Every structure is written in structure tokens, then in C-alpha cells.
Amino acid sequence: MQNEEQIFLEKIDQEIKIEPRDWMPDAYRKTLIRQMSQHAHSEIVGMLPEGAWITRAPTLKRKAILIAKVQDEAGHGLYLYAGTETLNIGREEMIDQLLTGKAKYSSIFNYPTLTWADIGAIGWLVDGAAIMNQVPLCRCSFGPYSRAMIRICKEESFHQRQGFDILLTLSRGSNAQREMAQDAINRWWWPSVMMFGPNDDNSPHSAQSMAWKIKRFSNDELRQKFIDMCADQAKVLELTLPDKKLQWNEKRKHYDFGEINWHEFWNVVNGHGPCNKERMAARISAHENGAWVREAADAHAKKRRAREQQVA
Amino acid sequence: MNDLIEYTLHLADNVLVLGHRNSEWTGHGPILEQDIAISNIALDLVGQARNFYQYAAGMIGNEATEDSLAYLRNPGDFRNCLLVEQGKGDWGKTITRQFFFSAFQFLLFEHMRGSSDSTIAAIAEKSLKEVTYHLRWSSEWVVRLGDGTDESNRRMKIAIGELWDYTPELFIAAPYESACTNKAIAPDVSSLEEAWLERIRSVFAEALLVIPEHGATISGGKIGAHSAQLEFMLGEMQYLQREYPGNQW
């Protein structure tokens, strides 16, 4: 055992990927199952707030882009479920954990999409924050996760650009459109800043994840990078971020920013956000309404195999 | 309006409306892989609609665009068949409708590749690959659900019963279709019915399903007489363009 653990730690140290058949500590496996399945669930639940605007997208081009984007998210969920399955857990079990509330998904998707501008704000801010978190995961020590993230990040950067483009169009449009864009940013900014999780001194799993090279940067480092990026991009949009304390700090070479409302953060994490119940209800309903379809597909596959064996 | 424009709008409306219906599944599909598949088909259909609308807009002139045609016409101006505007229903109904429509569209586009109108011919050629996949995918699902369990077979029979009477409209030429057939722009839809029925029968046979014996004909969509379903659908689809006229998005 000592020996296996040493081999594992040496691999981590030398930046050699850990693959599914390699020995790994139970806690490493558990951490990855938790993180990867949570990530997969976030992709799937994340289809809902944006999917709600597919039927109302204002032009055919925007409609086509939005369908493609939400479909990409389903694809990301699929790679991530498949990647997590290499850690010896089935997709059904993971979905069951989501639907029973045992597994979490990103809290950001518990906020509503009230106007078309929200689709822009999600692309720019939510996907922007996701990219900040995900780019370092391309170098994650677990091979399947790292490879899935490389593919996912390519598509995410396109998603972010389309969100920015929606907001830029609205910002340069009529007064009503500009107000719509500003209102969406006002509502999505702080929840996006919260996507990086608790402050470093309140993030109990972080140190171990950093040591295992699952995580490469701390929550607060990534959050600062995100805020710096958005503060500059907001100027291009000619829209403002809703933080009066946001200001460039020449000494730190970073933007200073205001206090995060951690009460809201934990409230939403613990199931009391504006849409937690609605999102879960939509997933449960899709799952339950699809049960007869899955059963039929299984039954047909079995019959087909039996018929083929008879012929052979 | 000239016949070619009206015919092009008919082709566009068919696929926009069906694409829209299919996109209602995105995020709500029964299996993740199939959520992706139905969204992909929705995307293909919206893409085909854009090609047809852009062509029609060019012929109409007067600042018409693909979006003014999709978003600013009233339900009575739409020329889609009634089949595509019906609600998505359960997965069985969505699959059955896709199968009926794709089997028709496959035959239509195969003939339309030889259209005397080079743009119509080119769109048909480009779309045929997609339609071939839609037909294969929906045929496989008809078999899976028909042959699967008693419950899935029962649901398929209900879906067929609900949709069957809308299928004859596909093969009854509207005046603009006949006019375009006379100019060798459009295939004669009535000539496609036999081959279509043959395809339906052969897939149904494998799926343990049968064509209803006493079918009727419900038609009118192709000449603008729609069910209430289309009005609701367009109300939702067109709302931003109607609420904020003249804005860029």
C-alpha cells in the first residue's frame, strides 16, 4: 500500500496523469466523483435557464446559435458523465444523486432568466467565470477529466463571445435594449462572482485538491482574475458592473471590489434560491416522462439481441 | 405574391415550425443522447428555413429579410402544413411526426434537386444529407418504440391516430405548388404519395404498427387556414420583434 501511494504521489509530482486503472487514494477518487459529477449536473441543469429562451430568441440566427449552445452543454454533460464513469460509478447512480438532492450543481442556475439580455449576461459572465475555473482544469492530474476539459473549454470560449456579442448589440441598440442589458448585468454580476466559491480561508477541501493537482489556483485568485477581466470588458460594452467599490488599485495591479453577500450564497447553495425548486422539478419531470422511452429502448435492444442469436 | 415566392415561403415555414416544435425538447429529452439528437434536428431545420427565407426575401425585395418573414407575418400568412404545427406531445408523438415528415421531405428533396430553379435545387441538395439522417433516426425510433414494450406500443398507436389525418395534406398540391410544378420548379407532391406509403408500411411492419384503416383528411395549413396551435406558437416566437419593432438583436 505504502508503495502504491508513493507511486501515485510521484506521478502527481512529475505531472504524469493519473488514469482510471491506476491505483489512487479513496479520497482522491471520492473528491473527483463529487467534483466531476457536480460539474456534469451543472451542465445539464444549466441547459434550463437558457433553453427557456430558444422559443423566444429574437432572430433566426440567434435562435440557431442558442440551440447549438444549449446542445453543446448537453454534450459537455455527456463527456463529463462518461469521464466520471471511469471512476466506477454509473450514470444512473449519478442522476439519481442529482434528482434526490444528494449531489449539488452550480448555484448560478438557480437564478431566473427574465429577459433576452439574460442570455447575453449568462454567456459573458457565467460562461466567463466557468472558463476561469475550467482552463486550469485542463491540467488536472486526472487524465479523463483533463481531456474532457480541453474539449469543453474550446466550446466555452465561443459561448462567452456570443454572450458578449448579444450584450454589445443591446448596448448599442435602443434605450429599452440598453436598459435591458444593464438590468441583466445588475442581476447576474454578484452571483457570477460567487461562482468561485467561498473565500480561501473558508474552503475546506481546497488545500488537499491543490496538493493533488486537481485544482491549480485558489478560489480567490481565480475570482480576482475574473473581476479584472470583466471590469475591462464592461468598458467596451459601455455598461457598468453593480459594485461601487470596484476600482483599479495601482499598487496591487488588480481591481478592488466590494463585499460579497455570503448569506445569499449559502442560502442558494442550501436550496433557497429563486429557482432551486423549479430546476429540480424540470429535471425530475424530464426523467419521469422519459422512463417509458428508456424502458422501450432497453426492451427493444434485448429482443433484437435475442432474435439475432436465434438466427446465428 | 408570385407563385415561386409563395412556394419558397411554404418550404421555409414547414421547417421553421417543425424546428421550433422540436427545439421545445431541448433540455427536456428522455435520454441525454436523444436530447442532443432532437436539438440537432431542430438546428438543421432552422438552418434550412433560413436558406429558404433568405431566398424569398431576396425575391420580395423592399427590405424584406429572413427575420421579417419569420417574425412579422401573421398566422394566416404562414404556408406550412398542419402536421408540423401540432403540439410536440410525448416522445412517441414527436418521433411519429418527425418520421412522417422526414419520409416526405426525403422524397421531395430527392426530386427537388433537379428543380429548374437553381437556388431551390441547391438548397434541396444541401439539405438532403441532413434529411437522410433525420429519416434514419426517426425510423429507428419508430421501430424501437413500436416493438419495445406494451406501453410504448400503445403510445405509438395513439400518436399515429392523432397525426394520421394530417398526412394527406402533404400530397394535395396547393395552387402555388401546382404552378411551380408546371414550371418544373417543384416536384408534383401527389406523385410522391405511393412511395411515401411504401416507406411508412415497411417501417411500421418492423415496428409492429399499422396504418389506420379509416383515415380522414384535415388540411388547410398550406393555404393559410391554421389550427389555434400556430397562433400560440408564433405569439411566443415573435414576441420580442413585435414588442420592440425595428430594433437590432
Side-chain angles (χ1 to χ4, degrees), chain A residues 40 44-68 70-75 77-78 81 91 95 115-116 166 169-170 172-174 176-177 180 282-283 285-304, chain B residues 16 19-40 42-43 46-47 49-50 53-54 65-67 69-71 90-92 95 140-141 143-153 155-156 207 233 236-241 243-244 246-249:
Chain A
I44 301 307
V45 178
M47 294 169 75
L48 298 170
E50 289 177 282
W53 279 88
I54 288 174
T55 55
R56 291 175 287 172
T59 69
L60 294 179
K61 187 178 165 195
R62 294 286 185 206
K63 189 192 282 290
I65 292 171
L66 189 57
I67 296 172
V70 179
Q71 190 195 19
D72 282 350
E73 283 154 12
L78 199 56
Y81 282 130
R91 203 203 296 184
I95 289 174
T115 72
W116 171 249
I166 288 175
T169 308
L170 294 175
R172 292 174 178 175
S174 66
Q177 286 178 308
M180 197 189 275
R283 286 316 311 157
S285 145
H287 190 73
E288 286 176 353
N289 291 333
W292 71 272
V293 178
R294 296 188 297 274
E295 281 159 20
D298 284 348
H300 170 71
K302 275 187 198 129
K303 285 184 193 174
R304 178 163 236 167
Chain B
L16 175 64
H20 184 104
R21 283 289 181 230
N22 286 340
S23 78
E24 292 169 356
W25 278 103
T26 304
H28 306 276
I31 305 167
L32 190 49
E33 285 84 344
Q34 302 312 322
D35 198 308
I36 295 173
I38 194 77
S39 303
N40 197 45
L43 193 55
V46 172
R50 294 185 65 193
Y53 283 130
Q54 285 164 10
T65 64
E66 56 171 358
D67 291 322
L69 294 173
Y71 287 89
D90 66 5
W91 188 249
I95 289 295
E140 285 170 2
W141 268 102
V143 172
R144 227 171 254 139
L145 297 178
D147 177 62
T149 60
D150 290 346
E151 171 67 3
S152 66
N153 184 273
R155 285 177 183 255
M156 285 302 278
M233 197 197 103
E236 185 180 2
M237 190 182 96
Q238 298 179 335
Y239 117 84
L240 277 171
Q241 288 276 358
E243 182 97 5
Y244 302 93
N247 285 358
Q248 298 298 309
W249 298 93

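This structure is a prediction, so every number in the text was calculated from the model and none was measured. Numbered from 1 within each chain, the chains take letters A, B, ... in sequence-line order.
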* **Heavy-atom proximity to chain A below 4.5 Å, by part of B/Glu236** => both
* To do: Return the option, out of A/Gly51, A/Gly173, A/Ala64, with the maximum number of heavy-atom pairs under 4.5 Å with chain B.
  => A/Ala64
* Asked: Closest heavy-atom contact between B/Gln241 and A/Pro58?
  -> NE2-O, 2.8 Å
* To do: State the NZ-CH2 distance between A/Lys61 and B/Trp249, to the nearest 0.5 angstrom.
  => 15.5 Å
* Answer yes or no: does atom CD of B/Glu33 have more than 12 heavy-atom neighbours from other residues, nucleotides or ligands under 6.0 Å? => yes
* Check: B/Pro30 main-chain N/O paired with A/Arg294 side-chain donor or acceptor under 3.5 Å -> yes
* Among B/Glu151, B/Met233, B/Glu66, single out the residue with the greatest number of heavy-atom pairs under 4.5 Å to chain A. => B/Glu66
* Which one of A/Gln177, A/Arg304, A/Lys303 has the most heavy-atom pairs closer than 4.5 Å to chain B? -> A/Gln177
* Structure fact -> Cut-off 4.5 Å, heavy atoms of chain B, and the answer for A/Ile95 is neither
* Would you name the heavy atoms of A/Gly77 and B/Leu32 that are closest together and state the gap between them? => C-CD2, 4.1 Å
* To do: Sort B/Asp150 into side chain, backbone, both or neither according to what part of it lies under 4.5 angstrom from a heavy atom of chain A.
  => neither
* Contacting region of A/Arg56 [heavy-atom separation from chain B under 4.5 Å] -> both
* Structure fact -> Turns out that what part of A/Leu48 lies under 4.5 Å from chain B's heavy atoms comes down to side chain
* Drop me the distance from A/Lys63's NZ to B/Leu43's CG, to the nearest 0.5 angstrom. => 11.5 Å
* Structure fact -> Closest non-hydrogen atoms of B/Gly148 and A/Ala299, given as atom of the first, atom of the second and distance, are O-CB, 3.5 Å
* Asked: Does A/Glu73 use its side chain to pair, donor to acceptor, with the backbone of B/Gly27 at less than 3.5 Å?
  -> no
* Asked: So, for B/Tyr244 and A/Ala176, which heavy atoms are closest and what is the spacing to 0.1 Å?
  -> CE2-CB, 3.8 Å
* With rounding to the nearest 0.5 Å, note down the distance linking CE in B/Met237 to CD1 in A/Ile54. => 14.0 Å
* Structure fact -> Pair count under 4.5 Å, heavy atoms only, with chain B: among A/Glu288, A/Arg91, A/Arg283, A/Arg172, highest is A/Arg91
* chain B contacts, top residue of A/Met47, A/Glu50, A/Arg62, A/Gln71 (heavy-atom pairs, under 4.5 Å) -> A/Gln71
* Asked: Any idea which of B/Gly29, B/Gly246, B/Ser39 has the most non-hydrogen atom pairs under 4.5 angstrom with chain A?
  -> B/Ser39
* **Per-residue contact mode, B/Trp141 against chain A (heavy atom under 4.5 angstrom)** => side chain
* Below 4.5 Å from any heavy atom of chain A, which atoms of B/Arg21 appear? Answer side chain, backbone, both or neither. => neither
* Structure fact -> Given B/Asn153, B/Asp90, B/Thr65, the one with more heavy-atom pairs under 4.5 angstrom with chain A than any other is B/Asp90
* Asked: Do other residues, nucleotides or ligands put more than 12 heavy atoms under 6.0 Å from the NZ atom of A/Lys302?
  -> no
* Structure fact -> dist B/Ser23:OG -> A/Ile67:CD1 (nearest 0.5 Å) comes out at 4.5 Å
* Asked: What residue in B/Asn40, B/Val143, B/Ile95 has the most heavy-atom pairs under 4.5 Å with chain A?
  -> B/Asn40
* No-hydrogen, no-angle side-chain donor-acceptor test under 3.5 Å, A/Glu295 and B/Thr149 -> no
* Asked: With chain B, which of A/Val45, A/Val293, A/Thr169, A/Thr55 has the greatest number of heavy-atom pairs at distances under 4.5 Å?
  -> A/Thr55
* Structure fact -> In this structure, OH of B/Tyr71 is separated from CG of A/Leu60 (nearest 0.5 Å) by 4.5 Å
* With only heavy atoms counted, which part of B/Asp35 is less than 4.5 Å from chain A, the side chain, the backbone, both or neither? -> side chain
* Structure fact -> Okay, B/Leu16 and chain A: the region with an atom under 4.5 Å from a heavy atom over there is side chain
* Structure fact -> CE (A/Met180) and CG (B/Asn247) are apart, to the nearest 0.5 Å, by 8.0 Å
